[in-house]
Each structure stands twice: as structure tokens, then as C-alpha cells.
Amino acid sequence: MTADIIDGKAFALTVRSRVAAHVAGLKADHGITPGLAVVLVGEDPASQVYVRAKGKKTVETGMNSFEHTLDAGTSEADLLALIDRLNGDPAVHGILVQLPLPGHIDSAKVLNAIDPAKDADGFHITNVGLLATGQKAMVPCTPLGCLMMLRDRLGSLSGLNAVVVGRSNIVGKPMAQLLLKEHCTVTIAHSRTRDLAGVCRGADILVAAVGRPGMVKGDWIKPGATVIDVGINRVPAPEKGAGKHRIVGDVEFASALEVAGAITPVPGGVGPMTIAILLANTVTACCRANGLPEPDGLTA
Ligand code: GUN
């Protein structure tokens with residue numbers, strides 16, 4: 001069997017055009033333009049690339065993008081003061097603080113200072129609690145993007161065995177909550193799990209989010225399973241020339257392709273969905289703030 005490859009790039013394009021259509025409606029019918037503020041502290045090159053991409057896609061979708069770039073030495077108090085201003089700014093419907101923050105800043109304190117209603121990343125403890133108790137929340141972008149791809153591929157997820165490898169606050173834990181909400185039987189596995197391969201072999205849905213290149217092998221996968229690879233790992237690629245790198249996932253793609261029913265590639269799978277969902281979350285937050293109907297199919 002050769003797995004179907006789930007085209008995250010094409011899916012993300014569809015999501016972005018649905019977001020753009022909703023934005024156009026908000027403008028035409030209500031004179032409202034959703035706005036997303038992105039805050040970057042420091043000069044981490046990877047973060048700069050992400051923030052630039054987010055700003056570009058926000059504008060392309062017809063929304064306002066507010067970028068705040070602060071130098072690496074910015075104090076926690078100054079960052080909290082900026083968040084306070086953005087919380088009070090009616091033109092800002094979504095706020096994202098790019099992680100990681102410099103070591104002298106308490107990330108949890110900063111994330112919990114964001115108005116939960118404007119929390120485009122869904123990292124505020126209020127949103128974490130709302131999601132965990134099955135209430136209406138702002139949902140983290142990457143796991144919500146994974147859920148949309150799974151629903152698109154499988155329809156109902158009810159009763160399926162889902163294994164999430166990785167227990168991060170950004171992906172693993174919210175992914176597990178979303179799958180539980182879909183009535184899956186969910187296992188969260190991680191680097192200390194005994195017989196990790198055996199646990200994975202029981203999965204109808206396998207989500208790999210550990211940040212270890214190629215850790216999940218083809219013979220860890222149940223034949224026909226749907227595999228979502230969240231990993232983005234930069235590894236040396238001497239075949240491309242001295243000092244060159246390439247991006248690989250947490251799943252050993254070639255061997256997995258022989259066994260899985262469907263699999264997301266890296267790059268071009270989960271990655272493009274994350275920004276698309278960030279835009280969707282901003283529109284959702286804008287609609288909720290204005291008491292308007294939310295876009296169909298773009299929330300959990
Ligand atoms: N850094 C890496 N991933 C993320 C994310 O999903 N959100 C934010 N804010 N920062 C990140």
C-alpha cells in the first residue's frame with residue numbers, strides 16, 4: 001500500500017480563501033475589518049521569518065496587521081504595558097506573542113496577560129481550561145489545523161484510537177483535548193512511554209509532535225492509519241552541498257508511506273495550516289467580539 005499524501009498547502013489555501021470571504025462580508029455588511037497584532041521580542045531569525053509570513057498572509061486575507069518588534073533587552077514590564085494597550089485597542093481582535101521569549105521574561109505571565117477573547121494562539125490559561133472542559137474557547141492553531149485535516153480525511157472520528165506523541169502545551173495537550181471532544185480514545189505518549197512503538201501501532205490516528213527527526217518508523221504504524229506529522233526539524237543535507245540543511249518531520253516519511261493510509265508531508269503538510277488557522281482564529285475572535293455569527297467550519 002502507498003499512502004495518500006495530504007496536501008496541507010492546498011488545504012491551507014482553501015481555509016484562507018474561506019477566511020477572506022468572511023472578512024469581505026464583515027467589511028461590506030458591518031464596516032468591520034478584523035485586526036491581528038503580532039509581537040516579536042528579539043532577533044531570532046526563525047521567529048522573524050514566521051512573523052513576516054504571518055503579517056503578509058494577514059494583509060492578503062483583507063485584515064489589518066499590526067506588527068510590534070521589540071528589542072531583545074525589552075523589559076517584562078514594557079512588554080506587559082504593550083499587551084495592555086493592545087487589549088484595550090478596539091481595532092485589534094487577535095493578539096499573538098511570538099515564542100520563544102528571551103529568558104528574562106516570564107512567558108506564562110505574558111501569555112496570561114492577553115485578553116482571553118483576543119488570544120489568537122489559545123495559550124491563555126482561561127482558554128486552556130475552556131477547551132479542557134468542552135466549552136467555547138480560542139483553540140491553538142496547529143492542533144486545530146490538524147483536526148481539520150483529520151475531519152476532511154476521515155469524516156467522523158468517533159470511536160477511533162488516537163495516539164498523540166508529544167505532550168507540549170502548544171500541540172500535544174490541546175491536540176489530545178480536541179480528539180477527545182471528537183469522541184476518540186486518546187493516548188498521549190512521549191519519550192518516556194514504555195514500548196512507544198507498540199503504543200503507536202494501536203493508532204488509527206497517529207499525531208507525531210515530539211521534535212525528533214524521523215523518530216516514528218514505518219513499522220510503528222498500523223496499516224491504513226492516518227498519520228499527521230507536526231515535526232519541523234532542520235537536519236544536515238550533505239547531498240545538497242556542504243553546510244546545507246533540509247527540513248524533515250518526526251516521521252520517517254519513506255517507510256511510513258508504505259504502511260499508512262494517509263500522511264502529511266514535511267514540508268507542505270501541517271506547517272501551512274498553522275498560519276491559515278491563525279487567520280481563522282482572528283476572524284472568529286472578531287465575530288465573537290461583535291456578537292456576529294462565526295465563520296462555518298473554521299472553529300473546533
Ligand atoms: N513559536 C513556535 N510556534 C508558535 C506558535 O504556535 N505560536 C507562537 N506564538 N509562537 C510560536
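All ligand and atom numbering here is 1-based and tracks the order in the structure. Source: prediction; values computed, not measured.
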Shared hydrophobic cluster for V270 and V207 (ILVMFWY, side-chain gaps under 4.5 Å): yes
Over 12 foreign heavy atoms within 6.0 Å of NZ, K109: no
R151, CZ atom: more than 12 neighbouring heavy atoms under 6.0 Å: yes
Those atoms of ligand 1 less than 4.0 Å from some heavy atom in V97: 8 (C), 9 (N)
Distance to 0.1 Å, residue and atom name: give those for the protein heavy atom nearest to [atom].
atom                    : answer
atom 8 (C) of ligand 1  : D121 OD2, 3.3 Å
atom 1 (N) of ligand 1  : L99 O, 3.0 Å
atom 11 (C) of ligand 1 : Q98 NE2, 3.5 Å

Minimal non-hydrogen separation, L279 against K57, with atom names: CD1-O, 3.8 Å
Heavy-atom closest contact (L131 atom, P140 atom, distance): CD2-CD, 4.4 Å
Atom 3 (N) of ligand 1 within contact range, any protein heavy atom under 4.0 Å: no
Heteroatom distance test (P100, ligand 1): nitrogen or oxygen, under 3.5 angstrom: no
Salt bridge R246-E239, side-chain N to carboxylate O under 4.0 Å: yes
Any F123 heavy atom less than 4.0 Å to ligand 1: yes
